[in-house]
Each structure stands twice: as C-alpha cells, then as structure tokens.
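All chains are named by letter (A, B, ...) in the order of the sequence lines, taking the proteins before the strands, and each is independently numbered beginning at 1.
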Amino acid sequence: MNENIIEVSNLKKKFPGVQALKGVNLNIPEGMITGIVGPNGSGKSTMLKIISGLIVKDEGQVNINRKNKQRHLMQDIAFLPEINHLYRWMTISEMIRFHEDQFLDFSPEKANELLDFMNLKLEQKINNLSKGMVARLKLILVLSRSAEILILDEPLAGIDPASRERILESLIGEFDSANQSIILATHEIIEAERFLDHVIFMEAGEILLEGNADDLRAEKGKSIRELIGEVFE
Amino acid sequence: MDIDFNAAYPIYEQVIDEIKKEIVRGELSAGDKLPSQRKLARKIDVNPNTVQRAYREMEQRGLVETKRGKGTFIKDDDQVMVEIKKEMAATAVSNFIDEMISLGFEKENILSKVETNLKRRDDNE
C-alpha cells in the first residue's frame, strides 16, 4: 500500500496567548487527496504553513519523503494560501509571467489551458476580478506547477457555487495520483466529500479522528459531512 | 454511466454496484473491456484513486481480470454472471421487504401482496 509522503510527530506551535498546535501526530498518505476539516482556529492553517516552510515550529518533527531530494523543498510544495496573495496591479498575463520566473516547474502552457477552462482571460486585471475569479486564478497558478505536494488552504471558502464546482472539477481532472499528493483544508465539505481519499478531523490544535474516507463511511455508515457534525459537537 | 452518489456508503462500492448493474442490464458482457481507470474517473467525476480501488476489489472478488498492458476485462465466466444476478436479486428483495416493513406490513401480508401482484400479471398476459 501507499507510503506516507508527510509524517508529522509531536508538532507544537504557540502564538501569543494561544497554543495553536498541541503536539500533533499525523501521516499524509502518498498519491492521495487528504482533506483536513475543522472549525476556525483548529490549527489547520498553522500546521499547513509549517509543513510548507512558511513559519517555524516550536517543537516536533516534520518529515517529507520526497522522491527527488536534489530539488529545493520549496520546489516540491505548491502552496495555495487562504488570503489573496496576488499583486492587484498586475494583469493575469503578468501574474503568470511572474510565476514562471519564480518557479522552475511552472508551465505557462498549462496555465493557458486552465484559464480557458476557468473562463478567465489573460488581459484581465487582478484588481477587477471577483472573489470567485481570484479563487479560480489562485488554483490555476498552483496547478500549473508540477510540484509533488499541493497544499491548498481553504481554496473554496466564501466563493460562489459555480466557481467551487469548477475548482474541484479541474483539481480532480488534473490530479496525477502517481506523482502527486494533495492536502486540502476545507469548510466546504459538501462539494469536496466525494473527492477525498483520506480525512483528518482537527480541533483546538489536536487531531480528533483520521482515516480513509471510504473506510470511515463503511465503518460508521455515515457520510463525512455527517461525521463532522458528530465529531465537532 | 451516471451515478447519484450516496455519501454515507463507500464510493468505491457504489462504482462496483454500477458496473454490476450494467452487466445485469446487458450493457456490459463477459469478456468486455472496462474503460481505463482515468477515463472512468473523469466520466463519473470521482477521484481516480476511488476507481482504482473499485477495480482492485472487483479483481479480488473474481468479477474482472486485468491483463497486463491490455486493461481490465469482465471475466468470461458464466458463473460470475449467475453470482451477480443472485446477489442483486437478494438486495432487491431485501430492499423491498425493508420498505414494506417500514410501511407497517406484517410478514404474511407482504407475501400475500406479492402473490396477488404476480397473479394479476399472469392474468394480464
């Protein structure tokens, strides 16, 4: 069976006044789509940022079992932050060129293909894009890279259902399970439910439950959405 | 193949059920090649890993066989068809009985309803 692409043990992180991670242990299986669910403030984002190397941990271990250790770690993780991190004064075309300069594995051909599918145009200014359009563009920029690990922090939050649908459709359509692992932190479980291989329930800096999504369904006779209602009661 | 997924039941099992239904309906027959995992995943809009698991399970249950480099095929074996039909018939009967019980019918009543219905069909022929 699958190996783990990421192994986290006893991970701790404190921010002023709050222990965001209280010694988290978890494994992210390779070649799968792992969903991390949990209420605001559960520590999802903190953990994903530590894995991505964007913030430093206080204690614990994060092992990333990459195939190609020659490359710099940042080249193997494509991170989609929850906030809008795009330069507002640029056009989409300029943003794509910027990413091409930033990341060796960025494919502008791929980006153009996805723009079409996502109903976006090169000449559009980022400042004029709606929330849903920004969300779609953020995903395009991540999917246009061939990173081994995609980490998506709330890619569906607060956007219209049509955009959510498009985003999931292209995510699943482009997913290359032989060479890629995806971690998806999300509140919008209704749409994402059927695409998740593995689910991790997190609350207050701790893991409450984790497992293969279909095994959890078989064992509990409930959907992941129903389990969320139960676990986070 | 278009599946209305029930989120409370393993999705790979629902993919298997759908393929079995196609076999029983005659849309797929013994020896037929199944679509590639990738293609089927795109068609029914599920994670390719889910289709992979469905194919792996079907192989373990003796429903299909994978020929290296050629793809996955419905087993060319009459016994397999008989088994699938038996299994699906059992499920259909069990669902029917569950529903009748939830409507408040007793065992004897259910049986007589079935008999009446069968008799009416015979008379109409």
Side-chain angles (χ1 to χ4, degrees), chain A residues 1-3 5 28-35 37 117 150 152 164-184 186 188-199 211-230, chain B residues 1-22 34-61 63-64 66-72 87-88 90-91 94-95 97-99 101-102:
Chain A
M1 277 302 275
N2 287 67
E3 305 270 320
I5 185 82
I28 305 285
E30 187 179 347
M32 303 237 166
I33 301 180
T34 297
V37 298
F117 180 72
L150 299 188
L152 315 175
R164 288 209 290 270
E165 195 94 339
R166 273 275 138 132
I167 283 175
L168 281 170
E169 230 175 275
S170 45
L171 184 66
I172 206 71
E174 297 296 323
F175 175 45
D176 171 13
S177 57
N179 300 300
Q180 217 172 37
S181 309
I182 297 179
I183 307 173
L184 174 75
T186 184
E188 319 289 326
I189 195 68
I190 302 175
E191 288 99 339
E193 158 118 37
R194 66 197 286 188
F195 300 117
L196 301 179
D197 286 305
H198 195 84
V199 195
N212 176 280
D214 268 347
D215 290 347
L216 286 173
R217 289 184 187 103
E219 189 187 320
K220 315 262 185 191
K222 292 197 167 80
S223 68
I224 301 304
R225 187 161 76 105
E226 289 166 327
L227 279 175
I228 288 175
E230 218 167 78
Chain B
M1 196 188 300
D2 230 339
I3 313 183
D4 246 339
F5 287 100
N6 165 6
Y9 181 61
I11 295 174
Y12 75 89
E13 290 283 6
Q14 298 178 61
V15 175
I16 297 176
D17 286 350
E18 193 54 36
I19 289 172
K20 282 185 186 162
K21 272 187 212 153
E22 294 204 350
L34 289 177
S36 75
Q37 295 180 9
R38 181 106 215 150
K39 208 167 161 190
L40 182 60
R42 272 184 180 264
K43 192 167 165 218
I44 60 178
D45 207 15
V46 296
N47 186 329
N49 285 326
T50 303
V51 176
Q52 187 186 26
R53 185 162 179 188
Y55 278 30
R56 198 170 57 222
E57 284 287 332
M58 286 193 294
E59 190 160 14
Q60 273 168 16
R61 295 178 200 174
L63 251 166
V64 302
T66 302
K67 295 178 186 162
R68 248 181 202 291
K70 287 190 176 159
T72 305
E87 193 190 309
M88 295 195 72
T91 312
S94 149
N95 287 344
I97 293 175
D98 285 348
E99 196 164 327
I101 289 173
S102 77

Are any of the side-chain heavy atoms of A/I172 and B/P48 separated by less than 4.5 Å?
yes
How about A/R194 and B/T50: do any of their side-chain heavy atoms sit closer than 4.5 Å?
no
[X] and [Y]: which non-hydrogen atoms are nearest, and at how many Å?
X	Y	answer
A/G31	B/N49	O-ND2, 2.8 Å
A/D176	B/R38	CA-NH1, 4.4 Å
A/E226	B/A8	OE1-CB, 4.0 Å

In terms of heavy-atom pairs under 4.5 Å with chain B, the winner among A/L227, A/D215, A/I33, A/L196 is A/D215
To the nearest 0.5 Å, how far apart are CG in B/N47 and CG in A/L168?
11.0 Å
Give, for atom CD of B/Q52 and atom CG of A/D197, the distance between the pair rounded to the nearest 0.5 Å.
9.5 Å
Which atoms of B/Y9 approach chain A - backbone, side chain, both or neither, heavy atom under 4.5 Å:
backbone
Do you know which of B/N6, B/D45, B/V46 has the most heavy-atom pairs with chain A at a distance under 4.5 angstrom?
B/D45
I would like to know whether B/I11 and A/R217 meet side-chain contact (heavy atoms from CB on, under 4.5 Å); could you show each step before the answer?
CA-CA 9 Å; B/I11 295 174; A/R217 289 184 187 103; 3.7 Å; yes
Is B/E59 atom CD crowded by more than 12 heavy atoms from other residues, nucleotides or ligands, each under 6.0 Å away?
yes
